[in-house]
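Excluded from the calculations below are hydrogen atoms, water molecules and symmetry mates; all remaining heavy atoms, backbone and side chain alike, are included. Every value quoted in this text rests on a predicted model; they were computed, and no experiment measured them.
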Amino acid sequence: QVQLVESGGGLVQAGGSLRLSCAASGRTFSSYVMGWFRQAPGKEREFVAAISWSGGSTYYADSVKDRFTISRDNAENTVYLQMNSLKPEDTAVYYCAARSGRYFYTSPEKYDYWGQGTQVTVSS
């Protein structure tokens, strides 16, 4: 079992930055692929970014590539999402997710554990 708790969301102006954190419980954190997803009102949950168990490989949705950076600290059982050059269309609840295994997936159904989400609001 893995429990995930996100933090770091808030209100920011367009062009600003936020850093989300996801703290994980459990001794096997380093064996999980970690992902960030987001869900805007009235829309389906969508993939944002994922990182391999070692942190050596990352994958991003086209909409956030070159603006967002995913990273992890296995010693601290934490995964981060640095979000720069934020746009109003980035407004959503952001979720941290974990899946066992070594491959990236963009489908939410492939992930085993989820956090409760943190709200990010970008004003124009």
Side-chain angles (χ1 to χ4, degrees):
Q1 283 282 352
V2 176
Q3 292 185 325
L4 305 172
V5 179
E6 302 97 334
S7 61
L11 173 64
V12 64
Q13 288 188 333
S17 297
L18 281 175
R19 188 194 197 201
L20 305 183
S21 299
C22 173
S25 65
R27 293 177 294 176
T28 59
F29 173 75
S30 60
S31 66
Y32 287 89
V33 168
M34 299 299 297
W36 284 98
F37 289 76
R38 65 187 182 187
Q39 188 166 18
K43 295 188 176 182
E44 294 186 351
R45 192 168 297 190
E46 66 172 359
F47 172 80
V48 175
I51 188 167
S52 63
W53 63 269
S54 69
S57 297
T58 57
Y59 185 71
Y60 297 91
D62 288 343
S63 58
V64 307
K65 202 173 295 183
D66 299 326
R67 298 189 299 123
F68 290 10
T69 302
I70 189 171
S71 61
R72 68 189 296 164
D73 184 340
N74 286 342
E76 296 294 327
N77 280 12
T78 303
V79 62
Y80 304 96
L81 185 68
Q82 177 66 44
M83 305 185 296
N84 298 330
S85 303
L86 282 161
K87 305 175 181 179
E89 51 264 43
D90 294 319
T91 295
V93 176
Y94 282 71
Y95 297 91
C96 173
R99 69 174 306 276
S100 58
R102 63 172 58 188
Y103 298 110
F104 295 144
Y105 287 94
T106 60
S107 172
E109 289 75 23
K110 295 292 187 180
Y111 288 75
D112 305 305
Y113 304 102
W114 291 85
Q116 83 290 348
T118 185
Q119 176 71 47
V120 172
T121 303
V122 184
S123 63
S124 57

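- Atom CZ of residue Arg99 and atom OG of residue Ser31 lie 11.5 Å apart, to the nearest 0.5 angstrom.
- Distance alone, capped at 3.5 Å, is enough to place a donor-acceptor pair between the Glu6 side chain and the Gln116 backbone.
- No donor-acceptor pair closer than 3.5 Å links the side chain of Thr118 to the backbone N or O of Tyr94.
- Between Met83 and Leu20, the shortest heavy-atom contact is CE-CG, 3.8 Å.
- At least one donor-acceptor pair closer than 3.5 Å links the side chain of Tyr60 to the backbone N or O of Ile70.
- Taking both residues in full, the closest heavy atoms of Ser21 and Trp36 are given as O-CH2, 3.8 Å, listed atom of the first, atom of the second, then distance.
- The local environment of CH2 in Trp114 is crowded, with over 12 non-hydrogen atoms from other residues, nucleotides or ligands closer than 6.0 Å.
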Under the side chain to side chain contact (heavy atoms under 4.5 Å, CB included) rule, what do Val64 and Arg38 come out as? Steps first, then yes or no, please.
-> CA-CA 11 Å; Val64 307; Arg38 65 187 182 187; 4.0 Å; yes

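- Once rounded to the nearest 0.5 Å, the distance linking OG1 of Thr91 with CD of Gln119 reads 7.5 Å.
- In terms of heavy-atom proximity, Val79 sits nearest to Cys96 at CG1-SG, 3.7 Å.
- Residues Ala98 and Tyr32 share a closest heavy-atom pair of CB-CD2, 4.1 Å.
- Environment of CD in Gln3: sparse, with no more than 12 heavy atoms of neighbouring residues, nucleotides or ligands closer than 6.0 Å.
- Ion pairing between a basic and an acidic side chain is recognised when a charged N comes within 4.0 Å of a carboxylate O; Asp90 and Lys87 show no such pairing.
- Hydrophobic clustering keeps Leu86 apart from Phe47 (ILVMFWY residues linked when any side-chain heavy atoms are closer than 4.5 Å, directly or through intermediates).
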Donor-acceptor pairs are to be reported for all side-chain atoms of residues 102-109 against protein atoms at under 3.5 Å, with residues two or more places apart or in another chain.
residue	atom	partner	partner atom	Å
Ser107	OG	Glu109	N	3.4
Ser107	OG	Glu109	OE1	2.4

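- Annotation for Arg72 and Phe29: closest pair NH2-O, 2.9 Å, computed over non-hydrogen atoms.
- Nearest heavy-atom pair, Ser17 versus Ser85, reported as atom, atom and distance to 0.1 Å: OG-N, 4.4 Å.
- Hydrophobic cluster membership differs between Ile51 and Val33, with clusters built from Ile, Leu, Val, Met, Phe, Trp and Tyr side chains linked at under 4.5 angstrom.
- Linking Ile, Leu, Val, Met, Phe, Trp and Tyr whenever their side-chain heavy atoms come within less than 4.5 Å leaves Tyr111 and Met34 in two separate clusters.
- Criterion: ILVMFWY side-chain heavy atoms under 4.5 Å apart, direct or through other members. Under it, Leu4 and Leu81 are part of a common hydrophobic cluster.
- Atom OH of Tyr59 is surrounded by 12 or fewer heavy atoms from other residues, nucleotides or ligands within 6.0 Å.
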Derivation and outcome, side chain to side chain contact (heavy atoms under 4.5 Å, CB included), residues Asp73 and Tyr80 | CA-CA 8 Å; Asp73 184 340; Tyr80 304 96; 4.2 Å; yes

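- Clustering ILVMFWY residues whenever any of their side-chain heavy atoms sit less than 4.5 angstrom apart, transitively, puts Phe37 in a cluster other than the one holding Val120.
- Once rounded to the nearest 0.5 Å, the distance linking CH2 of Trp53 with OG of Ser30 reads 7.5 Å.
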